[in-house]
Amino acid sequence: MAGTSAGARFYRQIKRHPGLIPMIGFICLGMGSAGLYLLRLALRSPDVCWDRKNNPEPWNRMSPNDQYKFLAVSTDYKKLKKDRPDF
């Protein structure tokens, strides 16, 4: 057992206990979904500022029509009008 790799041990456990396959699949699906959601937050959220020189306050450049929420149940962003001043 000392000379076997981690992949070989993992494969052997899967062969012995096939009930682990759905659990591993759901864990991988959950980790992948969480990673993609964090990537979406980092790239699309107005709270994250990657370039402070050219755009120090990205939340001021958002127009009222920009939908930055993941899911908007009752708000239609296309019909909103600008209600704040320009800086």
Side-chain angles (χ1 to χ4, degrees):
M1 263 255 227
T4 60
S5 67
R9 279 185 277 158
F10 179 73
Y11 181 71
R12 204 171 354 174
Q13 287 292 328
I14 294 297
K15 291 274 286 183
R16 284 187 198 156
H17 307 286
L20 292 176
I21 294 172
M23 183 183 72
I24 292 170
F26 283 117
I27 288 173
C28 291
L29 181 70
M31 289 174 55
S33 299
L36 287 174
Y37 183 67
L38 285 175
L39 185 66
R40 183 195 179 276
L41 281 178
L43 296 177
R44 304 260 316 173
S45 177
D47 298 329
V48 178
C49 182
W50 293 100
D51 186 14
R52 290 185 183 205
K53 289 183 181 178
N54 296 329
N55 193 7
E57 296 175 343
W59 50 88
N60 284 337
R61 295 206 181 161
M62 295 288 293
S63 71
N65 298 352
D66 292 339
Q67 179 181 355
Y68 60 90
K69 291 186 176 183
F70 188 70
L71 179 66
V73 177
S74 62
T75 305
D76 187 15
Y77 284 93
K78 295 176 184 164
K79 295 180 182 177
L80 291 178
K81 293 181 176 54
K82 187 174 184 179
D83 61 347
R84 55 187 176 225
D86 289 329
F87 290 108

message: According to side chain to side chain contact (heavy atoms under 4.5 Å, CB included), who are the partners of I14, at least two apart in sequence or on a separate chain?
response: F10, L20, I21, I24
field: Check: R12 and R16 side chains under 4.5 Å, non-hydrogen atoms
entry: yes
query: Transitive ILVMFWY cluster of L39 at side-chain heavy atoms under 4.5 Å: who else is in it?
result: L43
